[in-house]
2 protein chains.
Amino acid sequence: MSPRRIDPKLTTALLEAAASLVAEEGVAGLTTRRLAAAVGTSTTAVYTHFGGMDNLVRAMVHEGFARLHRRMSTVRATADAVADIMALGTAYRANALDHPQLYQVMFGSAALGGFAITDGDRQHGRYTLQPLVEAVARATEQGRFRPGDPLLVAQTMWIALHGLVSLELGGYLTDPYDADVCFEAQLCSLMVGAGDDHEAACLSSRRARRRRSAHA
Amino acid sequence: MSPRRIDPKLTTALLEAAASLVAEEGVAGLTTRRLAAAVGTSTTAVYTHFGGMDNLVRAMVHEGFARLHRRMSTVRATADAVADIMALGTAYRANALDHPQLYQVMFGSAALGGFAITDGDRQHGRYTLQPLVEAVARATEQGRFRPGDPLLVAQTMWIALHGLVSLELGGYLTDPYDADVCFEAQLCSLMVGAGDDHEAACLSSRRARRRRSAHA
DNA sequence: CACGTTACGTAACGGTGTTACTCAATCAAC
DNA sequence: GTTGATTGAGTAACACCGTTACGTAACGTG
């Protein structure tokens with residue numbers, strides 16, 4: 001009654017090989033044949049393990065969201081909640097720059113590559129905002145931000161941050177102001193937009209930058 | 001010495017057919033064979049007219065930027081420069097929603113679909129910001145914004161707006177706050193972030209909304 | 001040990017972008 | 001008006017893609 005079991009090692013091997021293929025040449029470089037060759041198996045393995053390329057990409061996206069969540073969770077809360085928010089933004093951007101191709105698959109509205117990402121997959125990445133929402137709530141309690149729903153404020157910040165990362169990865173932020181300058185300007189604008197004082201925001205920005213260099 | 005000339009009608013016919021193919025089914029639906037069939041020609045025509053699919057997509061992107069620029073240029077300057085900026089943002093978003101697939105090709109860092117967009121193509125879309133830069137300069141002169149480089153401020157706004165549109169098209173803005181709510185919140189946050197008073201920004205927002213409904 | 005179940009390899013199908021090769025249509029020159 | 005060079009566009013092929021029907025061999029159970 002119990003037949004040959006699926007090999008979990010092969011599943012993870014496929015995922016890892018797919019990740020490095022995508023990391024090296026983007027989604028366009030991810031093909032069943034090259035994937036099978038990299039793992040030393042056959043193309044049908046992709047179907048027994050995932051049921052097609054779409055699901056494999058979906059699994060990669062889940063892994064990407066998990067990694068992003070892990071990275072955002074490493075940011076510790078301090079007395080300066082605004083600086084915490086900036087540190088979270090820095091972590092978000094750093095994760096995207098470390099895995100640019102994966103980020104584009106996660107948020108590139110994957111219709112482009114032909115791969116389908118379901119609504120469920122998108123919702124799966126929603127809890128990633130949790131640390132940001134909490135930091136915004138703390139900044140609001142501390143009187144740095146105007147009263148308002150922390151979720152909406154956090155979502156506004158996430159949207160702007162995604163715009164920055166997306167355009168940076170696309171190579172659009174080079175002209176007179178490079179991505180670093182735009183990032184700092186964006187963070188400051190977001191804090192002031194949420195209600196913080198401009199000078200206080202600049203001060204928190206310096207604090208967050210110091211924290212970042214201390215990490216390195 | 002003078003041979004058979006290229007047919008300009010076929011060039012535009014190819015572009016139009018490609019545009020409607022992309023509009024209907026995304027970049028994935030744009031193939032040489034289907035394109036040739038739609039125009040009633042052969043696949044080689046794509047190569048004599050454009051030199052490959054990449055260049056055809058590039059031409060479509062140029063057209064997309066031109067259309068975006070045209071649409072942004074229809075926004076007239078009024079006494080309320082902040083309301084003008086919001087109207088520009090509305091025009092930007094409306095254009096993206098009218099041509100979602102094209103927008104994704106323009107800014108989706110087209111490496112995803114396998115098509116290549118050069119740095120020159122990206123710079124080509126830079127002048128689109130011009131109307132926004134001017135409106136920001138006027139808002140700064142009027143004392144609504146903190147003193148600063150209008151280009152950097154405009155670029156910050158563009159980045160955030162792109163983030164909103166990108167996530168909206170990707171279907172990420174549904175949960176508790178839909179895209180409309182996020183858009184209004186984003187605009188208000190941007191104005192306040194640039195230095196405007198919060199209540200003044202809300203007032204200008206209402207003014208811009210009235211202007212929009214007057215257009216319809 | 002034998003059986004049933006199922007993962008995996010082989011090979012094929014229909015699709016893709018791209019390109020030699022060919023032909024026919026055009027315009028310049030006389 | 002005829003000729004001839006030039007070149008756009010059609011045919012067919014190549015290599016590649018995702019996917020799948022089929023066969024086989026390996027496994028867990030009885």
Side-chain angles (χ1 to χ4, degrees), chain A residues 1-19 21-22 24-61 101 105 110-118, chain B residues 1-19 21-22 24-61 101 105 110-118:
Chain A
M1 289 296 243
S2 269
R4 185 177 178 180
R5 291 286 169 209
I6 228 173
D7 184 8
K9 300 210 172 189
L10 187 51
T11 306
T12 65
L14 281 171
L15 269 179
E16 284 179 15
L21 271 177
V22 168
E24 285 167 19
E25 345 180 18
V27 177
L30 177 61
T31 72
T32 53
R33 286 169 171 79
R34 298 180 60 175
L35 182 58
V39 184
T41 176
S42 163
T43 59
T44 48
V46 176
Y47 291 86
T48 59
H49 284 257
F50 296 97
M53 285 298 265
D54 288 20
N55 289 59
L56 186 141
V57 170
R58 204 164 302 169
M60 285 182 51
V61 167
Q101 309 282 5
V105 176
L112 267 186
F115 296 112
I117 294 211
T118 68
Chain B
M1 288 293 242
S2 268
R4 183 176 179 182
R5 293 284 168 208
I6 226 171
D7 184 7
K9 299 209 172 190
L10 187 50
T11 306
T12 64
L14 282 170
L15 268 180
E16 284 178 15
L21 270 178
V22 168
E24 285 168 18
E25 344 181 19
V27 177
L30 177 61
T31 73
T32 53
R33 284 169 173 78
R34 297 180 61 174
L35 181 57
V39 184
T41 177
S42 164
T43 59
T44 49
V46 177
Y47 291 86
T48 59
H49 283 258
F50 295 97
M53 285 298 264
D54 288 20
N55 290 57
L56 186 142
V57 170
R58 204 164 302 166
M60 284 180 51
V61 167
Q101 310 282 5
V105 176
L112 267 187
F115 297 112
I117 293 206
T118 68

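Residue numbers start from 1 in every chain, and the chains themselves are labelled A, B, ... in the order their sequence lines are given, proteins ahead of strands. Note that this is a predicted model, so its numbers are computed, not measured.
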Expressed in angstrom and rounded to an integer, what is the separation of [X] atom [atom1] from [N] atom [atom2]?
X       : N      : atom1 : atom2 : answer
B:Met53 : D:dC17 : CE    : C1'   : 15 Å
A:Leu30 : D:dC16 : CG    : P     : 17 Å
A:Asp7  : C:dC8  : CG    : P     : 6 Å
A:Leu14 : C:dC8  : CG    : C1'   : 12 Å
B:Lys9  : D:dG8  : NZ    : P     : 19 Å
A:Phe50 : D:dG18 : CZ    : P     : 15 Å
B:Leu35 : C:dG17 : CG    : P     : 9 Å

Item to complete: Report yes if a donor N or O on one partner sits less than 3.5 Å from an acceptor N or O on the other, where the partners are the side chain of B:Arg33 and the base of C:dG15; otherwise report no.
Response: no
Discussion item. Once hydrogens and angles are ignored, does a donor-acceptor distance under 3.5 Å link the base of C:dG17 to the side chain of B:Thr32?
Written reply: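 Checked by distance alone, the answer is no.
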Worksheet entry | Below 4.0 Å: OP1/OP2 of C:dC8 and any side-chain N or O of A:Thr44 | no
Worksheet item: Is the shortest side-chain N/O distance from A:Thr41 to OP1 or OP2 of C:dC8 below 4.0 Å?
Response: no
Item to complete: Could you walk me through whether B:Leu35 and B:Val46 pass the side-chain contact (heavy atoms from CB on, under 4.5 Å) test, one step at a time?
Response: CA-CA 9 Å; B:Leu35 181 57; B:Val46 177; 3.9 Å; yes
Discussion item. On a heavy-atom basis, which atom in B:Glu25 and which in B:Gln101 lie closest, and how many Å separate them?
Written reply: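 What the structure gives for the nearest pair is C-NE2, 4.4 Å.
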Practice prompt. Before giving the answer on side-chain contact (heavy atoms from CB on, under 4.5 Å), spell out for B:Val57 and B:Leu30 the whole-Å C-alpha distance, their side-chain angles and the decisive distance to 0.1 Å.
Written response: CA-CA 9 Å; B:Val57 170; B:Leu30 177 61; 4.2 Å; yes
Practice prompt. Let me see the working for B:Arg34 and B:Leu21 under side-chain contact (heavy atoms from CB on, under 4.5 Å), right down to the final yes or no.
Written response: CA-CA 9 Å; B:Arg34 297 180 61 174; B:Leu21 270 178; 4.2 Å; yes
Worksheet item: So what does B:Ser42 touch, heavy atoms closer than 4.0 Å: a base, only the sugar-phosphate, or nothing?
Response: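 Counting heavy atoms under 4.0 Å across all strands, the contact made by B:Ser42 includes a base.
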Discussion item. Need to verify one output field. Residue with the more 5' nearest nucleotide on DNA chain D, B:Leu10 or A:Gly52?
Written reply: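 Nearest nucleotide further toward 5': that of B:Leu10.
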Between [options], spot the one nearest the side chain of [X], thanks.
X       : options               : value
B:Tyr47 : C:dT18, D:dA9, D:dG18 : C:dT18
B:Thr48 : D:dA9, C:dT16, C:dC8  : D:dA9
B:Ile6  : D:dC17, C:dA7, D:dA9  : D:dA9

Discussion item. I want to confirm an ordering. Mapping A:Thr43 and A:His49 to their closest nucleotides on DNA chain C, which one lands closer to the 5' end?
Written reply: A:His49
Fill in: B:Met60/B:Leu15 under side-chain contact (heavy atoms from CB on, under 4.5 Å): CA gap, chis, key distance, verdict
CA-CA 7 Å; B:Met60 284 180 51; B:Leu15 268 180; 3.9 Å; yes
